[in-house]
Peer 1: 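First the structure, which I've put down as structure tokens, then a few questions once you've had a look.
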Amino acid sequence: MASTINLVVMAAGKGTRMKSATPKVLHPIAGKPLVQHVLDTMAPLPAAARIVITGHGAEAVEARTRGEALRFVRQMPQLGTGHAVQQALPALNDSAPTTLILNGDTPLVQECTARALAEACGGTKLALLTVVLDDPTGYGRILRAADGAVLGIKEHKDASEAERQIREGYTGMMAAPTAALRRWLAALKNDNAQGEYYLTDIVAMAVAEGVPVVATQAPNETEVLGVNDPVQLADLERRFQRREAERLMRAGVRLLDPARFDLRGTLTHGSDVEIDVGCVFEGSVHLADGVQVGAHCVIKNARLGVGAVIHPFTHIDGESQPVQVGAGALIGPFSRLRPGAILGREVHIGNFVEVKNSTLADGAKANHLAYLGDATVGQRVNYGAGAITANYDGANKHRTVIGDDAHIGSNCVLVAPVTIGAGATVGGGSTVTKTVPAGGLTVARARQATLPGWQRPTKKAKA
């Protein structure tokens with residue numbers, strides 16, 4: 001793109017058919033608001049001004065929308081698309097010859113498509129983004145002369161039966177010469193069935209002035225589909241996920257079923273990665289060479305080392321502090337790694353084991369029904385079933401340190417702050433409140449109290 005542009009994103013609509021108090025553009029695709037997808041995708045474009053038009057739920061939209069040097073303008077009340085863009089006029093930068101206007105509820109539009117639209121305008125033409133659909137219901141129809149020249153756009157609700165047979169629809173996105181756009185918007189009228197100011201009316205103005213009107217067709221309908229109800233939202237979600245699944249598979253990732261894959265962030269990977277069905281990836285996730293992820297896992301903000309195996313139904317949540325899993329580690333099934341879990345090489349975390357803000361060195365194992373919170377665990381430690389670190393005293397968190405080659409028996413409670421020395425053994429059922437020296441042994445055995453009048457039950461004779 002030879003010159004900068006004004007980027008205008010329309011995000012004022014209410015979306016009444018969503019039947020929700022949430023502004024339409026804040027409904028999520030892949031865990032991110034619709035309008036944020038558009039802004040993130042368009043971030044590489046050289047824009048002199050980036051303007052978001054808000055209206056319904058303006059405060060919520062503005063609070064949750066992020067982008068470099070964004071400027072918000074409000075459309076109050078909402079009187080049509082032309083009226084919306086009129087609100088952006090004071091924010092336009094006249095040094096940018098082209099103004100690119102996009103929809104905030106078309107999250108899958110690609111940067112290359114928008115760039116091509118702006119280039120088609122070139123600061124001298126009115127360029128419309130169109131799409132050919134089997135069913136263009138709801139879309140404004142592109143009216144052409146016998147030689148194919150664009151004459152105008154007729155909104156679906158104002159179109160005649162003959163005009164509704166036209167399959168080429170206007171997507172709501174265009175690129176216009178900035179100076180001409182100011183002039184055309186000032187001349188808009190609202191003499192139509194809805195009493196609204198249509199942005200599409202500037203097409204006839206351009207034709208009347210002899211300004212060339214060109215149509216650039218979107219490469220596919222997926223890029224230009226908007227959202228008006230929950231059905232369309234769900235359809236776009238699946239289209240997005242299928243696109244991401246295909247991208248990953250082309251890069252060598254083996255997805256056992258791409259129809260049952262969900263990416264809600266960024267996923268980077270090495271070679272020979274395999275992902276089973278029903279997995280959800282959120283935030284920033286990296287899967288190194290040879291990682292295997294079992295069915296129905298949720299992984300958020302984590303880095304998994306070479307050859308790590310994540311068994312089914314594991315939940316890895318590094319929301320506030322990323323989780324790290326070392327090479328060759330075995331995790332799950334039914335394990336939970338919480339923020340700050342850092343696991344070394346060949347660590348084993350088994351079923352119903354939870355790890356939070358803890359470091360486990362190479363070869364450590366916690367295979368069954370255990371909790372490790374705020375702990376530093378040495379190499380080759382064996383942490384028994386039912387053992388927990390009691391790391392919270394009701395006011396403060398405290399740390400537990402377990403030295404290399406220590407053995408923690410079943411059903412133990414390590415009351416922090418406490419240190420278990422290297423090579424020490426803590427017998428099953430022990431409650432440890434003091435330091436156990438290196439190589440030491442702590443044993444606590446439960447005794448059964450005999451109550452007055454109590455007798456051991458006798459077994460019933462078999463009939």
Peer 1: So, are D94 and R182 salt-bridged, with charged N and O less than 4.0 Å apart?
Peer 2: yes
Peer 1: Check D374 with K356, please: is the shortest side-chain N to carboxylate O separation under 4.0 Å?
Peer 2: yes
Peer 1: Are E163 and K154 close enough for a salt bridge, meaning some N to O gap below 4.0 Å?
Peer 2: yes
Peer 1: What ring pair (Phe, Tyr, Trp, His ring centres under 6.0 Å) pairs are there with at least one residue in residues 19-39, not counting sequence neighbours?
Peer 2: H37-F240
Peer 1: Quick one: ring pair (Phe, Tyr, Trp, His ring centres under 6.0 Å) pairs with a partner in residues 53-91, sequence neighbours left out?
Peer 2: none
Peer 1: Can we say K32 and D40 salt-bridge, meaning some charged N sits less than 4.0 Å from an Asp/Glu carboxylate O?
Peer 2: yes
Peer 1: Determine which pairs satisfy ring pair (Phe, Tyr, Trp, His ring centres under 6.0 Å) with at least one residue from residues 88-145, sequence neighbours left out, and list them in order.
Peer 2: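 Output for this query is empty, none listed.
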Peer 1: Which residue is it: V285, V280, V298, I29? I am looking for the one with a side chain to side chain contact (heavy atoms under 4.5 Å, CB included) to R264.
Peer 2: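 By the side chain to side chain contact (heavy atoms under 4.5 Å, CB included) criterion, R264 pairs with just one of V285, V280, V298, I29: V280.
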Peer 1: Could you list all the side-chain hydrogen bond (donor to acceptor under 3.5 Å, both in side chains) pairs where at least one residue sits in residues 313-330, not counting sequence neighbours?
Peer 2: none
Peer 1: Could E244 and R247 be called an ion pair, given the rule that one side-chain N must be under 4.0 Å from one carboxylate O?
Peer 2: yes
Peer 1: Using side chain to side chain contact (heavy atoms under 4.5 Å, CB included) as the criterion, point out the one residue from I153, L188, D158 that pairs with Y198.
Peer 2: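 In the set I153, L188, D158, the residue that makes a side chain to side chain contact (heavy atoms under 4.5 Å, CB included) with Y198 is D158.
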Peer 1: Among all residues two or more places apart in sequence or in another chain, which pass the side chain to side chain donor-acceptor pair (under 3.5 Å) test with Q379?
Peer 2: none
Peer 1: Please determine if R144 and E168 form a salt bridge, counting it only when a charged side-chain N lies under 4.0 Å from a carboxylate O.
Peer 2: yes
Peer 1: Under a 4.0 Å N-O cut-off, is there an ion pair linking R254 with D272?
Peer 2: yes
Peer 1: Using atom types as modelled, flag every donor-acceptor pair under 3.5 Å from a side chain in residues 329-355 to any protein atom, sequence neighbours excluded.
Peer 2:
unit_1 : atom_1 : unit_2 : atom_2 : d
S335   : OG     : G332   : N      : 3.0
S335   : OG     : I349   : O      : 3.2
S335   : OG     : G350   : O      : 2.4
R338   : NH1    : E354   : OE2    : 2.7

